[in-house]
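Encoded as structure tokens, the structure appears first; notes follow it.
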Amino acid sequence: MRKKEAKKRSCLKPTPSVIVSMRDKNGKNNALTVGYCCNCSFDPPMIMVGITPTRYSYHIVNETNAFVVNLTTKENQALIDYMGSVSGRDKDKFKEMNVEIEEAINIDAPMIKDCPVNIECLVVDSVHTGSHVMFIAKVLYVHAREDLLKEDGSIDNSKIRFL
Ligand SMILES: Cc1cc2nc3c(=O)[nH]c(=O)nc-3n(C[C@H](O)[C@H](O)[C@H](O)COP(=O)(O)O)c2cc1C
């Protein structure tokens, strides 16, 4: 089959939607849905997330340098939609959705209990790429549901029902 030029925007697909959660300096929790998220270093383990500066979450991460990447499954669809369409500027999103949280160990941030994997991250750099600022972060701790773990401690992604 012949190939033709396609649109460039967000051409790298599929990428899983994650929910990035954080806490501001006054103790308010917030989270947003993020499609721009990927590994960016094997050693040391690092990942990056892209957040547009107009997001309420952007200012929190920029100030605290800390966030949690919560991996999501099909069961988290309603939360993904809500966190991706409502702003923390207008609502307390955790309260509105009755989100159960657990505390991260190494950073001051909430982890979403219903998500099967929660990754604690500390920002070490950021790059303004264009529409997004890529926050480059060290992975400090990975909390994974026991049934998803392989013997070597890695996550068996085939067991996660990604969207
Ligand atoms: C599937 C999906 C993917 C999204 N990906 C991103 C993203 O990568 N970066 C971003 O800044 N916003 C992204 N958004 C939009 C934000 O999640 C949305 O604007 C959110 O309401 C911002 O919340 P906040 O203002 O509380 O930070 C995405 C939304 C959806 C539904």
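For ligands, and for the atoms within them, numbers begin at 1 and follow the listed sequence.
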Mind jotting down which residue pairs meet the salt bridge (charged side-chain N to carboxylate O under 4.0 Å, His left out) criterion with at least one end in residues 102-112? Sequence neighbours excluded, please.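 Matches after skipping sequence neighbours: R23-E103, R23-D108.
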When rounded to the nearest 0.5 Å, the distance separating CG of N39 from CD1 of I47 is 7.0 Å
Next item on the list: Classify the angle between the aromatic ring planes of Y58 and F135 as parallel (below 30°), tilted (30 to 60°) or perpendicular (above 60°).
Entry: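 Rings of Y58 and F135: tilted, as their planes differ by 30° to 60°.
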Notebook entry, point to check: Picking from K8, R2, K7, what satisfies salt bridge (Lys or Arg N to Asp or Glu O under 4.0 Å) with E5?
Noted result: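 Exactly one pass, corresponding to K8.
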Less than 4.0 Å from some atom of ligand 1, heavy atoms are found in residues S17, N30, L32, T33, V34, G35, Y36, G50, I51, T52, R55, Y56, S57, M83, G84, S85, V86, S87, G88, K93, H132
Item to complete: Return yes when atom NZ of K28 has more than 12 non-hydrogen atoms of other residues, nucleotides or ligands closer than 6.0 Å, and no otherwise.
Response: yes
D152/K150 salt bridge by N-O under 4.0 Å criterion:
no
